[in-house]
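Below is one structure, written out as structure tokens; comments come after it.
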Amino acid sequence: MIRRTLLALFVFAVLALCGVYAWGLSIPATTTVKRDVQFAATPAEVHARISDVRGQKGWRNDIGKVEVSADGRRWTEFPDDGSTLAFRLIESRPATTFAIAYTSSLGFEGHWRANLQPKGRGTRGHFVEEVTIPSPFFRAVGRLVSPPGQHLDLYLKDLRRVTGSKK
């Protein structure tokens, strides 16, 4: 009886893992999320906040520590979840653009870009995040624990708060 129960549990676990893997195969390896956000601050102020990677621990809710290279073009974030994210600056133009590439210890990589434009007394920000998860298994698990756009939305919520913007 115990042997049958253990065999049934093993078969169920294998089928569940195969199902998760099959679901992951149906999910595109790369997803793109776009957000348009209005800020009360000027484009120069928003860009200064985004591009000050050393200071982000002070206003972001999900960052434990940031280590920045001597030239400031590479840095590593240590989120509170225990993972690491290695970043590389692609482009930074004051008050208009900030673009980065990143690789996570959790098995994904991506690109992130902010385009800023004046709008009234504030800023219209257009944000695009492209994430690639090579592993079908991790794509499926990622959809369950961190749906596309979840981290970008958290980042933008913190950025809106620190720039004095209302919802």
Side-chain angles (χ1 to χ4, degrees), residues 24 27-135 138-167:
I27 299 170
T30 300
T31 58
T32 302
V33 177
K34 299 177 183 180
R35 299 287 189 265
D36 289 306
V37 181
Q38 185 72 29
F39 298 98
T42 67
E45 292 168 326
V46 174
H47 185 275
R49 191 60 81 163
I50 292 170
S51 62
D52 177 17
V53 295
R54 284 181 178 89
Q56 289 195 16
K57 182 186 176 337
W59 60 271
R60 289 182 54 198
N61 285 322
D62 59 340
I63 298 297
K65 180 172 80 168
V66 178
E67 293 177 356
V68 183
S69 67
D71 68 359
R73 298 189 60 80
R74 294 184 182 277
W75 62 96
T76 302
E77 289 181 359
F78 299 87
D80 294 332
D81 66 8
S83 64
T84 60
L85 288 150
F87 290 89
R88 176 178 51 87
L89 180 64
I90 295 173
E91 179 182 12
S92 182
R93 288 185 286 151
T96 61
T97 307
F98 190 73
I100 56 176
Y102 59 88
T103 303
S104 171
S105 64
L106 297 176
F108 63 88
E109 61 188 27
H111 294 89
W112 186 95
R113 182 177 200 84
N115 291 311
L116 308 172
Q117 299 176 333
K119 177 142 186 186
R121 293 182 180 172
T123 301
R124 176 190 171 272
H126 179 70
F127 296 82
V128 178
E129 182 171 45
E130 184 178 276
V131 179
T132 300
I133 305 173
S135 164
F138 288 130
R139 284 197 294 268
V141 171
R143 283 288 167 107
L144 293 173
V145 299
S146 181
Q150 180 179 8
H151 289 287
L152 179 57
D153 291 339
L154 176 62
Y155 179 90
L156 292 174
K157 179 182 175 186
D158 288 344
L159 184 58
R160 288 175 63 82
R161 178 183 43 77
V162 78
T163 58
S165 302
K166 303 237 190 282
K167 182 131 175 132

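- With sequence neighbours excluded, the residues forming a salt bridge (charged side-chain N to carboxylate O under 4.0 Å, His left out) with D62 are R60, listed by chain and number.
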Show me the side-chain donor-acceptor pairs of residues 107-117 shorter than 3.5 Å, one per line, residues at least two apart or across chains.
unit_1: R113; atom_1: NH1; unit_2: E91; atom_2: OE1; d: 3.4
unit_1: R113; atom_1: NH2; unit_2: E91; atom_2: OE1; d: 2.7

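- In this structure, R74 contributes its side chain and R88 its backbone to no donor-acceptor pair below 3.5 Å.
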Candidate pair Q56 and R49, rule side chain to side chain contact (heavy atoms under 4.5 Å, CB included), full reasoning: CA-CA 8 Å; Q56 289 195 16; R49 191 60 81 163; over 6 Å; no
Verdict with reasoning, V128 to H126, per side chain to side chain contact (heavy atoms under 4.5 Å, CB included): CA-CA 7 Å; V128 178; H126 179 70; 3.4 Å; yes
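- When all heavy atoms are compared, the tightest approach of G64 to K57 is O-CE, 2.7 Å.
- From I100, atom CD1 reaches atom CZ of F87 across 4.5 Å, with rounding to the nearest 0.5 Å.
- Nearest heavy atom pair, residue R143 against residue I27, reads NH2-CG2, 3.4 Å.
- A 4.5 Å side-chain heavy-atom check between D52 and R54 finds at least one atom pair inside the cut-off.
- Y155 places a side-chain heavy atom less than 4.5 Å from the side chain of I50.
- Side-chain N or O atoms of S146 include none that pairs as donor or acceptor with a backbone N or O of G142 at under 3.5 Å.
- The side-chain heavy atoms of L152 and F127, taken from C-beta on, include a pair separated by under 4.5 Å.
- Shown here are the salt bridge (charged side-chain N to carboxylate O under 4.0 Å, His left out) partners of D153, two or more places apart in sequence or in another chain: R35.
- Pairing each heavy atom of A40 with each of G164, the nearest pair is CB-O, 3.9 Å.
- Among all heavy-atom pairs drawn from G122 and P43, the shortest one is O-CD, 3.9 Å.
- Atoms OG1 and CD1, on T31 and I133 in that order, are 6.5 Å from each other to the nearest 0.5 Å.
- Side chains of F98 and L89 form a contact here, defined as non-hydrogen atoms less than 4.5 Å apart.
- The aromatic ring centroids of Y102 and W75 lie 6.0 Å or more from each other.
- For the atom pair L154 CG and K157 NZ, the distance stands at 7.0 Å (nearest 0.5 Å).
- S83 is linked by a side chain to side chain contact (heavy atoms under 4.5 Å, CB included) to P79, D81, S105, L106, counting only residues two or more places apart in sequence or in another chain.
- Remark: S51 OG to R93 CZ distance equals 13.5 Å, nearest 0.5 Å.
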Steps toward side chain to side chain contact (heavy atoms under 4.5 Å, CB included) verdict (E67, F78): CA-CA 8 Å; E67 293 177 356; F78 299 87; 3.6 Å; yes
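- Here R124 pairs with D36 under the salt bridge (charged side-chain N to carboxylate O under 4.0 Å, His left out) rule; sequence neighbours left out.
- Side chains of T96 and H47: no donor on one and acceptor on the other come within 3.5 Å.
- Evaluation of the salt bridge (charged side-chain N to carboxylate O under 4.0 Å, His left out) rule for R161 yields D158 as partners, not counting sequence neighbours.
- A donor-acceptor contact shorter than 3.5 Å links the side chain of T123 to the backbone of A41.
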